[in-house]
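Computed from heavy atoms alone, side chains included, the values below leave out hydrogens, waters and symmetry copies.
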Amino acid sequence: MIKITFPDNSVREYESGVTPLQVAESISNRLAQEILVASIKRAADEDFVITELNQPLTEDCAIRLHKWDDAEAKHAFWHTSSHLMAEALQELYPGIQFGIGPAIENGFYYDVYPAEGQVIKDSDFPAIEQKMMELRAKKEQLQKTYITKADALKQFGDKGQHYKCELINDLEDGTISTYTQGAFTDLCRGPHLVSTEPIKAVKILSCAAAYWRGDETRPMMTRIYGISFPKKSQLDEYLTLLEEAKKRDHRKIGKELELFMFSEMVGKGLPIWLPKGTALRLRLEDFLKKIQKRYGYQQVITPHIGSKNLYITSGHWDHYGKDSFQPITTPEEGEVYLLKPMNCPHHCAIYKNTPHSYKDLPFRCAEFGTVYRYEQSGELHGLTRVRSFTQDDAHIFCRQDQVKQEFIRVMEIIEIIFRALNFENFEAQISLRDPNNRTKYVGSDEVWEKAEKAIIEACEEKGLPARVEYGEAAFYGPKLDFMVKDALGRRWQLGTIQVDYNLPERFDLEYVGEDNQKHRPVMIHRAPFGSMERFVAVLIEHTAGKFPLWLTPDQAVVLPISEKSNEYAWKVKEMLEAQDVRVLVDDRNEKLGRKIRDNELKRIPYMLIVGEKEAEQGLLSVRQQGAEEKGQMTIQQFADFVNDTVKKQMSAY
RNA sequence: GCUAAUGUAGCUCAGUGGUAGAGCGCAUCCUUGGUAAGGAUGAGGUCGCGGGUUCAACUCCCGCCAUCAGCUCCA
């Protein structure tokens, strides 16, 4: 008999050799049907190890039974799905060779090399899905077999699986296993589902080329992506989510709402802000400027280029010189300049411009600084990956003992912003030094330890959930990055706060201390939005273009019912604008229903319907975007309503 | 950068080796309307750019440019 401990710490006894599936059956049939994989921890194990449901248990252990909701179950489910897809591909494309086929964050893929003359295209996906479902219906069991290296090489060599042989060659004899279901055998470590039967819904999503083992000198494989679920309804839900994400694509909405554009003529990766997008961005900038003013920042403006020597001093030339836009030179004197890839060197120059006393610190200078970075053409993507963008940058020069307080103050700013923009869900990542290799960092152990401690304590004090990542710090200092979850649950990295010991050293920055001696200030880089481009992109996808009232380019549109009311409509606009409400008039020669529809699609928050009745009494019929009628108001009531709502939305500040 | 796909009217897209089409938008006119598409007429295109094949190229071939996806998740 062996003792098995459950997650609730209860212990039960079982015959030695019992399988996790039997353990589940002993609890309930329902559980046995739902679990996909288990993990166990024996006395000798440091942590839980995922195991298959048919793996006999022969010693005392703790067990966890994983249903679909657990990441472990999804991983095994998708891994087995990739085998099922491979089995289907083997039938449909005789002679196909297989590379690797792992589970990924959302689904799975398999890298394959079709036989001479065969190509797998999008149009083949339904056939692959159908074949997978056919094979699944056979309820094939996955059989794990340990095999010697020599046998494995022979077995896969005989089948012409050259890529598999290459993988086997890299493995240590005695650790090699295969999984077989039906006529398909794959080199694999597992773990897997015990059967392909639970894979009830599958969708092949895309195929694209991928280098064998990520190496561009090696052959190009066809990578086929898919996703699968235990229930059809889950697949439908997932596909709906994908569609919703597509609808929210900021590139599409940005075009529809005329927020920004790109032009081949201007150059790729160079976003151009159109009037409506600019209005929105300026409102964001003004909002942040106002907060920053309260938090003791001073706004500065610096040129878009800087002398090459500036970047030699900062170290950026050494680090990024080759991967930047190349230097600009003057025609006569041969002076050399670089487009600025960062604002910090300019800000260091500002700091150096005047002597500083310890009493003056922190010195905080902020700039919406546009920077230019060379990105490989294949990396460019909408507003999220561009070659010119504006950082809501600021640099705080402070004493070491002020670091924690400054972090807390920056975190407050970030919180205000996230709240004002309805990012309810956010978390932080603390990036610290690699504990095993401290040589790659600049600055003394002492200051690093202080700074790392300051960041951790700042998070604790603010009650901010933070994940600590070792080895993720920049070479010049530890950092704190902010991740938000958008309305579809997608995670985006936005703001960042970074401590820097490097630049103060390189620029020989100093302040005079209480002791009348010179000291080195600490520098903190921070950008709550990150970049205006990226932030607006995320905001568009988060809100689907329905921006909060305070931010939206146009807050209301007046819809005259007929030409007879046009004059009143324009008067309404004028009166509302006098009270800072942003209003359009739709006086096209169209029926009301049409105007409502068109303006709904423009995502304007309020429609003000005015006809003869309203004109007589100085009223508006207010309709909220999303079909909600709010009844009639006077012009003044509506202006107050908008201004109160905006004030409320901004009340975080 | 690499690999594949795509590039036709302002937008979304159809189409053919014999010099182009739809819907929406736009303009004009009719209609003067009450909460998600009223009607008619019309304008609008060097079919991404440059070469080549051909009697003839938007179509086929080559090169370039741009867009999009993947190239990061490791049997």
J.: Hey, are A:Glu375 and A:Arg385 close enough for a salt bridge, meaning a charged N less than 4.0 Å from a carboxylate O?
T.: yes

J.: When the C1' atoms of B:rC26 and B:rA56 are considered, how many whole Å apart are they?
T.: 35 Å

J.: Under 4.0 Å: is that the gap between some side-chain N or O of A:His381 and OP1 or OP2 of B:rU67?
T.: no

J.: For RNA chain B, which residues in residues 239-252 of chain A have a heavy atom at a distance below 4.0 Å?
T.: A:Arg251

J.: What are the atom names and distances for every N/O pair under 3.5 Å that joins the protein to nucleotides 40-42 of chain B?
T.:
none

J.: Can you find a donor-acceptor pair, distance only, under 3.5 Å between A:Asn589 side chain and B:rU31 base?
T.: yes

J.: Could you tell me which residues satisfy side-chain contact (heavy atoms from CB on, under 4.5 Å) with A:Arg373, sequence neighbours excluded, listed by chain and number?
T.: A:Pro341, A:Met342, A:Val371, A:Phe389, A:Gln391

J.: If a pair satisfies salt bridge (Lys or Arg N to Asp or Glu O under 4.0 Å) and one of its residues is in residues 606-622 of chain A, list it, with sequence neighbours excluded.
T.: none

J.: Under 6.0 Å from the six-membered ring centre of A:Tyr109 and within 45° of its axis: does the NZ or CZ of A:Arg223 meet both?
T.: yes

J.: What's the gap between B:rU59 and B:rG15 when it is taken at their P atoms, as a whole Å value?
T.: 16 Å

J.: Please find the pair of heavy atoms, one from A:Val538 and one from A:Val484, that lie closest to each other, and give the distance.
T.: CG1-CG2, 4.5 Å

J.: Could you summarise the pairing of RNA chain B as dot-bracket text, marking Watson-Crick and G-U pairs under 3.5 Å with ( ) or [ ] inside the strand and | across strands?
T.: (((.(((..((((....[..)))).(((((.......))))).....(((((..]....)))))))).)))....

J.: Work out how far the P atom of B:rC62 is from that of B:rU6, and round it to whole angstrom.
T.: 13 Å

J.: What closest approach, in Å, do A:Pro271 and A:Glu533 show between heavy atoms, and which atom pair accounts for it?
T.: CG-CG, 3.9 Å

J.: Within the sub-3.5 Å range, which N or O atoms of nucleotides 5-13 of chain B have a protein N or O partner, and how far apart are they?
T.:
none

J.: Using a 4.0 Å heavy-atom cut-off to protein, can you give one letter per nucleotide of nucleotides 70-75 of chain B, 5' to 3': B if the base is in contact, S if only the sugar-phosphate is, - if neither?
T.: BBSSBB

J.: Under 6.0 Å from the six-membered ring centre of A:Trp68 and within 45° of its axis: does the NZ or CZ of A:Lys74 meet both?
T.: yes

J.: Looking at B:rG34, does its base get a donor-acceptor pair with the side chain of A:Glu614 below 3.5 Å?
T.: yes

J.: Inspect the contact between A:Lys602 and A:Asp554 and indicate whether a charged nitrogen and a carboxylate oxygen are less than 4.0 angstrom apart.
T.: no

J.: With a non-hydrogen cut-off below 4.0 angstrom, is A:Ser621 in contact with a base, only sugar-phosphate, or nothing?
T.: base

J.: Can you name the side-chain contact (heavy atoms from CB on, under 4.5 Å) partners of A:Gln155, sequence neighbours left out?
T.: A:Ile147, A:Lys159, A:Thr185

J.: Under 4.0 Å, counting only non-hydrogen atoms across every strand here, what does A:Glu612 touch: a base, just sugar-phosphate, or nothing?
T.: base

J.: With A:Asp586, which of A:Ile604, A:Leu608, A:Val557 fulfils side chain to side chain contact (heavy atoms under 4.5 Å, CB included)?
T.: A:Val557

J.: When rounded to the nearest Å, what value does the distance between C1' atoms of B:rC13 and B:rU8 take?
T.: 9 Å

J.: Mind checking what makes side-chain contact (heavy atoms from CB on, under 4.5 Å) contact with A:Ser206, not counting sequence neighbours?
T.: A:Tyr225

J.: Please state the C1' separation for the pair B:rG70 and B:rG23 - nearest whole angstrom.
T.: 33 Å

J.: With rounding to whole Å, what would you report as the distance between B:rA9 and B:rC47 at their P atoms?
T.: 10 Å

J.: Please give me every residue in residues 597-607 of chain A whose heavy atoms get under 4.0 Å of an atom in RNA chain B, ordered by residue number.
T.: A:Arg597, A:Glu600

J.: Mind listing the N/O atom pairs, protein and nucleotides 22-24 of chain B, below 3.5 Å?
T.:
none

J.: Going by side-chain hydrogen bond (donor to acceptor under 3.5 Å, both in side chains), name the residues that satisfy it together with A:Ser81, two or more places apart in sequence or in a different chain.
T.: A:Ser228

J.: Hey, does A:Lys268 reach any base, or is it just sugar-phosphate, or nothing, if we go heavy atoms under 4.0 Å?
T.: sugar-phosphate

J.: Would you measure the distance from the P atom in B:rA69 across to the matching atom in B:rC30 and give it in whole Å?
T.: 48 Å

J.: If you apply the rule salt bridge (charged side-chain N to carboxylate O under 4.0 Å, His left out), what do you find for A:Lys247 with A:Glu243, and how did you get there?
T.: CA-CA 6 Å; A:Lys247 274 190 226 153; A:Glu243 264 168 50; 5.4 Å; no

